Amino acid sequence: MNVTTGRGGRGLLATGGTYGVLFLLGAVEGIIGSFQYSRAAGAVPLAALAFCAALLVTCLLAGWAMRAVSGALVPAIGWIIASFVLSMPVSNGSVIITASTPGEWYLYGGTLSAVIAVAASFGGSIRTAKTRPGRAGPTGSQPK
């Protein structure tokens, strides 16, 4: 018999709100990174690398916390939208993310970080799907 738990729409609202916050977190990381990526120590673009690492950690933790690939994908999408919109030139010719070495490290590294995090979350979700309790064991029998 399938009985509802009485949660109503609160679970769906909480999940949607969480994904909204994760999207905003990714977008804020993208906005801040777009203005601060060029800070460097000598020839090494440390800020660009740090923002790439922060995005990787954010997406990995979000995927782990939400126990879904979409948990890693949503902040990555927020970052990509914010960063790539700010990298496009405007009509007066100004560009926020320039075609310099730190700018390329920031955009390409951040995109690669997002792809790695989503792929790692996808791999983790495959492992957890195989080992969920209540699934058929190796003999094919279910516990009663």
Side-chain angles (χ1 to χ4, degrees), residues 1-40 45-144:
M1 181 183 212
N2 191 5
V3 180
T4 60
T5 60
R7 283 178 30 180
R10 289 183 292 178
L12 183 61
L13 183 64
T15 302
T18 304
Y19 280 120
V21 168
L22 288 174
F23 179 83
L24 289 175
L25 177 62
V28 166
E29 285 182 4
I31 291 169
I32 293 172
S34 294
F35 288 101
Q36 301 297 322
Y37 72 92
S38 61
R39 307 218 184 256
L46 287 180
L49 296 174
F51 283 115
C52 293
L55 178 66
L56 177 69
V57 169
T58 299
C59 292
L60 286 173
L61 289 177
W64 173 77
M66 296 299 289
R67 296 181 184 179
V69 176
S70 58
L73 188 63
V74 169
I77 289 172
W79 180 87
I80 288 171
I81 290 173
S83 294
F84 282 85
V85 164
L86 290 173
S87 70
M88 289 188 255
V90 293
S91 62
N92 65 0
S94 64
V95 177
I96 294 174
I97 301 176
T98 60
S100 61
T101 301
E104 290 175 357
W105 276 92
Y106 175 70
L107 288 175
Y108 296 139
T111 304
L112 184 63
S113 296
V115 168
I116 289 170
V118 170
S121 295
F122 184 71
S125 69
I126 290 173
R127 283 192 300 269
T128 58
K130 289 181 180 177
T131 60
R132 278 197 185 131
R135 293 246 183 210
T139 61
S141 63
Q142 293 248 348
K144 295 185 181 192

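The structure displayed is predicted, hence computed values, not measured ones.
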Problem - Stepwise side chain to side chain contact (heavy atoms under 4.5 Å, CB included) test for Leu46 and Arg39 - result: CA-CA 7 Å; Leu46 287 180; Arg39 307 218 184 256; over 6 Å; no
Exercise for the section: Decide yes or no on side chain to side chain contact (heavy atoms under 4.5 Å, CB included) for Gln36 and Phe51, but give the supporting numbers first. Expected result: CA-CA 9 Å; Gln36 301 297 322; Phe51 283 115; 3.8 Å; yes
[X] to [Y] - nearest heavy-atom pair and separation:
| X | Y | value |
| --- | --- | --- |
| Phe122 | Val69 | CA-CG2, 3.4 Å |
| Ala82 | Ser34 | O-OG, 4.4 Å |
| Leu56 | Ile116 | CD1-CG2, 4.0 Å |
| Trp79 | Gly110 | CH2-CA, 3.5 Å |
| Met66 | Thr15 | CE-CG2, 4.3 Å |
| Leu22 | Gly71 | CD1-O, 4.0 Å |

Handout entry: Min side-chain heavy-atom separation Tyr37-Leu107 under 4.5 Å
Key = no
Exercise for the section: Enter the distance from Met88:CE to Ser83:OG here, rounded to the nearest 0.5 Å. Expected result: 11.0 Å
Handout entry: side-chain contact (heavy atoms from CB on, under 4.5 Å) partners of Phe23, counting only residues at least two apart
Key = Val74, Ile77, Ile81
Problem - Residue pair Phe35, Ile31: steps toward the side chain to side chain contact (heavy atoms under 4.5 Å, CB included) verdict - result: CA-CA 7 Å; Phe35 288 101; Ile31 291 169; 4.2 Å; yes
Practice task
Keeping the roles fixed (side chain from Ser113, backbone from Cys52), state whether a donor-acceptor pair exists under 3.5 Å.
Solution key: yes
Handout entry: Derivation and outcome, side chain to side chain contact (heavy atoms under 4.5 Å, CB included), residues Ser70 and Tyr19
Key = CA-CA 9 Å; Ser70 58; Tyr19 280 120; 2.7 Å; yes
